[in-house]
Amino acid sequence: VVVMYVKYGVDDDTKGTTKNLKTIVIERCREYIRAVSQMPSSNNCDAIWEGFQNSFLGKDPCKVNVEDYDPFIRTVQQDIPCNKSLFWSKTSQIAHDFTKATKCFMTLEDTLLGHMMDGLKWCGQLHSKEFNYTSCPGWNECEFNPVRSFWRRASAHFAELACGSVMVMLNGSIDSPFNKQSIFGSVEIKKFDPEKISYVSIRVIDSLQDRTSCNSISLQDLGRILNNSRLDFDCKDIDKSEILQCINDPISQSCDCVN
Ligand code: AVW
C-alpha cells in the first residue's frame, strides 16, 4: 500500500490538499532518513509533521506568511555539504535527473525538506483545524498561499546554508534564463553569503548548439547582481545533449560534473 503514496504515485488532479497528505509526508520523511546515512538522529518525522501543519492550519489560505514556516524549518536538521548545492530555474526536469544520476550535486528537492513536499499541495482554512481537500489557491492566485510561501521559505533556507562552490542551472531556450521574479532570482540569490560561497558556476543549458546565452541581457543582469554581492562566478553555455549523455552514462569521462 505504501508504494502508492511515494513521490511519483501522487494523484495530482485535486484542486485542494493532496489526498493522504499526512501519510505521504511522514512516509517520505521516514524513507529519506532510512536511505540517507549521516542524518542527525534529532529528526523525528511525527514532530516534523506537527510543525508543518501548525504553519498554516487555521489560517486564511491567502494569508500564510513566509515566516509562518520558521518553526517548522527548525524542526528539520540536515547538514548540506559544501560544494554540492545546485540551484535551478526553468530546468526542473534535467536538473533533478542530473543530480539523481551523478550525485555531483544536490537540489533543494534532494534535501529532506524539499523531498517531503515535492509535488504536493496543501491548505487549511480560517476558524478550522481541518485541511481543505476541495480547493486551495493556485500558485499565482494570491501571493501568500501556503504552498508558495513554503517554497520561498525553504528556498531561502537552502540558499543560506550553501557554502563553497555552488552551481546554477538555467534554461537557455527561453528569453530570460535569469528571471528576477523567479524563486532563484527573487529569493535564493539574495541569500547567497559571500563569506561562505566561494564561487558560483552558472551553466546555461540549451538544445540549440552555438547559442551564447551567457552574453544575453538576462545573464548580464545576473552578473551585475553577483558582482555587487562580491561573488566570483563564471557562465558557460552547455549543450543539453551533454547533460543528457551524462545522465545516461554518469561514469563516462565526458561526464565530469559539468565543470
Ligand atoms: P521555476 P524558480 N504555478 O522553474 O527559480 C505553479 O520558475 O522559480 O524556477 N507553480 C509554479 C509557478 C506557477 N506559476 N511558478 C513556479 N512554480 C513552482 C527552489 C513550480 O513547482 C530551488 F531551489 C515550479 O516547478 C530552485 O533553485 C517551481 O516553482 C528554485 O527554487 C520552479 O519554478 C527554482 O524556482
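Numbers here are sequence positions counted from 1. Everything numeric in this text was worked out from a predicted model, so none of it was measured. For ligands, and for the atoms within them, numbers begin at 1 and follow the listed sequence.
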Check whether any side-chain heavy atom of T17 sits under 4.5 Å from a side-chain heavy atom of K121, and report yes or no.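 When only atoms from C-beta onward are counted, K121 and T17 do not touch, as no gap falls below 4.5 Å.
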
Nearest 0.5 angstrom please: F72 CZ to W49 CH2, how far?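 Between F72 CZ and W49 CH2, I get 9.5 Å after rounding to 0.5 Å.
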
Name all residues meeting the side-chain hydrogen bond (donor to acceptor under 3.5 Å, both in side chains) criterion together with S41; count only those two or more places apart in sequence or in a different chain, and write none if there are none.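 S41: no side-chain hydrogen bond (donor to acceptor under 3.5 Å, both in side chains) contacts found.
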
Within the 4.0 Å heavy-atom sphere of ligand 1, strictly under, residues: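 Heavy-atom contacts below 4.0 Å: F87, W88, S89, K90, L108, W139, N140, S155, S182, I183, F184, E188.
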
Check: residues 79-86 side-chain donor-acceptor pairs under 3.5 Å, at least two apart:
unit_1	atom_1	unit_2	atom_2	d
N83	OD1	S165	N	2.8
K84	NZ	K103	O	3.3
K84	NZ	C104	O	3.3

Does a salt bridge link D221 with R224, judged by any charged N lying under 4.0 Å from a carboxylate O?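 Here D221 pairs with R224 in a salt bridge, since their nearest N and O are under 4.0 Å apart.
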
F192: what forms a ring pair (Phe, Tyr, Trp, His ring centres under 6.0 Å) with it, not counting sequence neighbours?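 Scan of F192 (ring pair (Phe, Tyr, Trp, His ring centres under 6.0 Å), adjacent residues dropped) gives F87.
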
